[in-house]
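Inspection log for the structure reproduced underneath, given as structure tokens.
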Amino acid sequence: MPRLAVYSLIVCVLAVAAAVVSFVQGSFLGVVWVLLAGLSSNMTWYYFKRERIRPSVTGDVTG
């Protein structure tokens, strides 16, 4: 799994946890955390799909 996909997945999980905590405490700031979770989720899918589509290059190409 690409490194950027892992980082954005971690941000997504932390944002969901922060949203849950915010809503449990009665704060509507959780809406911002939900939006951040959605954005980071889309970034995770983008980086994951981009890595799968990109052809792998093995060795040096000289020429």
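Only a predicted model underlies this, so the values are computations on that prediction, with no experimental measurement involved.
Tyr47 contributes atom OH, which lies 12.0 Å from atom CD of Glu51 (distance to the nearest 0.5 angstrom).
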Exercise for review: Let me see the working for Phe23 and Leu29 under side-chain contact (heavy atoms from CB on, under 4.5 Å), right down to the final yes or no.
Suggested key: CA-CA 8 Å; Phe23 284 130; Leu29 188 61; over 6 Å; no
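When the side chains of ILVMFWY residues are joined at heavy-atom separations under 4.5 Å, either directly or via intervening members, Leu35 and Val32 end up in two distinct hydrophobic clusters.
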Donor-acceptor contacts, no H, no angles, side chain residues 1-15, under 3.5 Å, sequence neighbours left out:
unit_1	atom_1	unit_2	atom_2	d
Ser8	OG	Leu4	O	3.1
Ser8	OG	Ala5	O	3.0
Ser8	OG	Thr44	N	3.4
Ser8	OG	Thr44	OG1	2.8

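A side chain to side chain donor-acceptor pair (under 3.5 Å) check over residues 11-35, counting only residues at least two apart or in different chains, returns nothing.
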